[in-house]
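Heads up, the thing below is written out as structure tokens.
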Amino acid sequence: MAIDIKPRWAWAGHAVRTARGQDLIARLERENPSGGIPGAIVRAEAQIAAPSASTGRVWTPYRGGVFIHHAGPRSFTPQSDDDCLQHIGDIWHDHYPKFGGDIAYNFIVCQHGNIFTGRGYQRGEANGGDAPATPNTRQGEVWVPGEGAVGRNAGFYSVLGLIREQNSPTSAMLDAMKRLIGHLRGPDVSPARKAGPHIFPHRHGDNTVCPGNLTPYAQNGSRIDPGGSPAAPTVSIVPRAQWGARPPRTVTRVELADRTGFAVH
């Protein structure tokens, strides 16, 4: 089945506007001043648009599958596609010094249902390479049924849902994640780069709340699993401000893993 995965060029122009993008432009202009700043901008965008290669690192995603992520604390409510592109550029800026000068995720899925290339089919680095060891795994590994201990980055794609902790995934995002995972498992991807059958949340075996409100979907048999359950109906929850309620007097944060049920009144 055909799938529309947008190239890195889609967000590279936004990444060059960040502080690290401007530093890259300045460095390239010093190295080759003949084209001036305009030429350096073109070269910077071209460099950002090329993902880091997997050369020299173990990359066997067929042993694992996919880890699901969100973009961290607070909230992100895009008003346009351009807001999503700028947010990806900002993530590239944040990841640049930590992950070898590149964004750590393989693919990014926005709230509008668009899929963007991060590192693409090269090895990603977002799944918790420093996750703690267990009796069955070394640091940075996860136990995979039928495979044993597998590197979290070596054996899994990193898929980012472009929401933050206070946001819920849209129906379009979940549908796009399902298409992406089906693509990564399917015949259009070479056997050496094909995703294995497992879907894990980043928090699985790691000390993090990621992927936040995507956690219920980040598992086999869920809505985003191509071999799982059918799409659930979209739920619309009206916020308090729209029906004139005052802000709550107190707010108690409860981790998703500790939420065992609900009461109906």
Side-chain angles (χ1 to χ4, degrees), residues 1 3 5 54 56-70 99 104-109 115 118-161 163 169 173-232 255-261:
M1 181 175 66
I3 185 169
I5 301 177
S54 306
R57 294 174 294 170
V58 176
W59 180 220
T60 54
Y62 52 85
R63 297 189 63 203
V66 172
F67 267 102
I68 303 296
H69 302 260
H70 75 343
F99 300 105
Y105 304 110
N106 293 98
F107 298 96
I108 303 99
V109 182
I115 304 170
R119 295 202 181 195
Y121 306 98
Q122 305 295 325
R123 168 175 156 151
E125 297 295 337
N127 296 332
D130 57 354
T134 72
N136 295 319
T137 62
R138 297 175 296 181
Q139 183 183 45
E141 294 180 337
V142 64
W143 187 263
V144 176
E147 291 285 347
V150 175
R152 297 172 68 95
N153 291 321
F156 288 80
Y157 282 96
S158 305
V159 175
L160 170 67
I163 59 172
M173 172 181 284
L174 296 173
D175 290 345
M177 282 189 167
K178 183 175 183 176
R179 292 195 302 274
L180 175 61
I181 294 171
H183 165 72
L184 293 174
R185 293 176 178 175
D188 292 336
V189 178
S190 71
R193 295 289 182 264
K194 197 180 297 293
H198 302 283
I199 304 172
F200 291 151
H202 181 191
R203 67 190 295 166
H204 178 68
D206 201 0
N207 298 321
T208 177
V209 300
C210 181
N213 289 327
L214 279 164
T215 300
Y217 304 99
Q219 58 184 308
N220 289 95
S222 75
R223 177 174 173 175
I224 68 170
D225 184 354
S229 61
E255 297 293 339
L256 285 172
D258 297 328
R259 300 178 191 180
T260 57

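The CG atom of Asn127 lies 7.5 Å from the CG atom of Asn106; values are rounded to the nearest 0.5 Å. Interatomic distance, CD of Gln139 versus OG1 of Thr134, reported as 11.5 Å (0.5 Å rounding). Atom CD in Glu141 sits 10.5 Å away from atom CZ in Arg152 (nearest 0.5 Å). Rounding to the nearest 0.5 angstrom, the gap separating the CD1 atom in Ile115 from the CD1 atom in Ile3 is 4.0 Å. The CG atom of Leu160 sits 5.0 Å away from the OH atom of Tyr105 when rounded to the nearest 0.5 Å. Rounded to the nearest 0.5 Å, atoms CZ (Arg203) and CD1 (Ile68) are 14.0 Å apart.
The shortest side-chain heavy-atom distance between Tyr217 and Ile199 does not fall under the 4.5 Å cut-off.
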For this session: Show the numbers, then the answer: is there a side chain to side chain contact (heavy atoms under 4.5 Å, CB included) between Arg119 and Phe99?
Result: CA-CA 11 Å; Arg119 295 202 181 195; Phe99 300 105; 3.5 Å; yes

For this session: List the steps and the verdict of side chain to side chain contact (heavy atoms under 4.5 Å, CB included) for Ile5 and His183.
Result: CA-CA 10 Å; Ile5 301 177; His183 165 72; 3.8 Å; yes

For this session: Take Glu125 and Arg57 through the side chain to side chain contact (heavy atoms under 4.5 Å, CB included) test and state the conclusion after the steps.
Result: CA-CA 11 Å; Glu125 297 295 337; Arg57 294 174 294 170; 2.5 Å; yes

Exercise. Given the rule in the side chain to side chain contact (heavy atoms under 4.5 Å, CB included) test, do Tyr157 and Leu180 qualify, once you have shown the distances and angles that lead to the verdict?
Worked result: CA-CA 11 Å; Tyr157 282 96; Leu180 175 61; over 6 Å; no

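Screening His202, His69, Met177 against Leu214 for a side chain to side chain contact (heavy atoms under 4.5 Å, CB included) leaves a single residue, Met177.
Surrounding CZ of Arg138 are at most 12 heavy atoms belonging to other residues, nucleotides or ligands under 6.0 Å away.
Pairing each heavy atom of Lys178 with each of Arg223, the nearest pair is CD-O, 3.3 Å. Annotation for Gly124 and Asn153: closest pair O-CB, 3.6 Å, computed over non-hydrogen atoms. Here the closest heavy-atom approach between residue Phe200 and residue Val144 is recorded as CE1-CG2, 4.4 Å. The two atoms that bring Cys210 and His70 nearest to each other are SG-N, 3.3 Å, heavy atoms only. Taking each heavy atom of Met173 and Pro169 in turn, the nearest pair found is SD-CB, 3.9 Å. Of all the heavy atoms in Pro61 and Arg193, the pair that sits closest is CG-O, 3.6 Å.
Judged by distance alone, with hydrogens and angles left aside, the side-chain atoms of Trp59 form no donor-acceptor pair with the main-chain N or O of Ala192 at under 3.5 Å. Distance alone, capped at 3.5 Å, places no donor-acceptor pair between the Lys194 side chain and the Leu184 backbone.
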